[in-house]
Chemist: 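I have a structure I would like to understand better, so I am pasting it below and will then ask my questions one at a time.
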Amino acid sequence: GSIMSNEEDIARAHNAQALLNNELLQEAFQELQVSYYTAWKNTKPEDTATRERLLLSVGIVDSVKRTLEGYVAQGVVTSAKISSLYDNNN
């Protein structure tokens, strides 16, 4: 990945938090997960390829959420570092 400035890191964190707080996006994530899980439950046990694809799809939705949460966490760390530097210099 590229090296971001502190400001970019914090801006990314704010944008990620806004997405995580967005009700429509959260509703879409939930709808996708329920849809994939329901489809998975309705597959036959021997339909391995379809079952694996559906479980992978659920995992991708979770992965997007975790990635956004990671951006938020990184922004918190960056903000704390900046605050610490500022406090130590004053």
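The structure presented is a predicted model; accordingly, all values stated were derived computationally and were not measured. Along the sequence shown, residues are numbered consecutively beginning with 1.
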Chemist: Is a side-chain N or O of Thr38 found less than 3.5 angstrom from the main chain of Val34, in a donor-acceptor match?
Modeler: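 Present.
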
Chemist: Quick check: is Leu68 connected to Val58 through a chain of hydrophobic side chains (ILVMFWY, heavy atoms under 4.5 Å apart)?
Modeler: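 Linked within one cluster.
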
Chemist: Determine yes or no for a side-chain-to-main-chain donor-acceptor pair under 3.5 angstrom, with Ser83 supplying the side chain and Ser79 the backbone.
Modeler: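 Yes.
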
Chemist: Is the side chain of Asp47 donor-acceptor paired with the backbone N or O of Thr43 at a distance under 3.5 Å, no angle test?
Modeler: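 The answer is no, because no donor-acceptor pair under 3.5 Å joins these two groups.
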
Chemist: Find the distance between CG (Asp9) and NZ (Lys81) and round it off to the nearest 0.5 Å.
Modeler: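 Those atoms lie 8.5 Å apart.
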
Chemist: Just checking Glu69: does its CD atom have more than 12 heavy atoms from other residues, nucleotides or ligands closer to it than 6.0 angstrom?
Modeler: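 Correct, the count exceeds 12.
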
Chemist: Counting C-beta onward and ignoring hydrogens, is there a side-chain heavy-atom pair between Glu52 and Leu56 closer than 4.5 Å?
Modeler: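 A side-chain contact under 4.5 Å is absent here.
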
Chemist: Using the ring pair (Phe, Tyr, Trp, His ring centres under 6.0 Å) criterion, which residues pair with Tyr37? Sequence neighbours excluded.
Modeler: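 With neighbours one apart ignored, the set is Trp40.
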
Chemist: Say whether, by atom type as modelled, one donor and one acceptor occur between the side chain of Gln74 and the main chain of Tyr71 under 3.5 angstrom.
Modeler: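 Absent.
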
Chemist: Taking Leu55 as the starting point, is it possible to reach Phe29 by hopping between hydrophobic residues whose side chains are less than 4.5 Å apart?
Modeler: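 Yes, because Phe29 and Leu55 connect within a single hydrophobic cluster, where side-chain heavy atoms sit under 4.5 Å apart.
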
Chemist: Any luck finding a side-chain donor-acceptor pair between Gln33 and Asp62 under 3.5 Å?
Modeler: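 A pair is found: one side chain offers a donor N or O, the other an acceptor, under 3.5 Å apart.
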
Chemist: Please walk me through it: do Leu20 and Gln26 pass side chain to side chain contact (heavy atoms under 4.5 Å, CB included)?
Modeler: CA-CA 7 Å; Leu20 289 168; Gln26 293 307 313; 4.1 Å; yes

Chemist: Measuring from Thr78:OG1 to Arg12:CZ, what's the distance to the nearest 0.5 Å?
Modeler: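 The distance works out to 11.0 Å.
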
Chemist: Measuring from atom CD of Glu23 to atom CG of Leu25, what distance do you get when rounded to the nearest 0.5 angstrom?
Modeler: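 If we round to the nearest 0.5 Å, Glu23:CD and Leu25:CG are 11.0 Å apart.
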
Chemist: To the closest 0.5 Å, what do you measure between CZ (Arg53) and CD1 (Ile60)?
Modeler: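 With rounding to 0.5 Å, CZ (Arg53) is 10.5 Å from CD1 (Ile60).
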
Chemist: In terms of hydrophobic clustering (I, L, V, M, F, W, Y; side-chain heavy atoms under 4.5 Å; direct or indirect links), are Val64 and Leu54 co-clustered?
Modeler: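 In one cluster: yes.
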
Chemist: Could you tell me whether the side chains of Gln17 and Asn21 share a donor-acceptor contact shorter than 3.5 Å?
Modeler: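 Asn21 and Gln17 do have a side-chain donor-acceptor pair below 3.5 Å.
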
Chemist: So which atom in Gly75 and which in Ala13 form the shortest heavy-atom distance, rounded to 0.1 Å?
Modeler: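 For Gly75 and Ala13, the tightest heavy-atom pair comes out as CA-CB, 3.5 Å.
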
Chemist: Heavy atoms, side chains only, cut-off 4.5 Å: are Thr50 and Lys44 in contact?
Modeler: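 No, side chains not in contact.
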
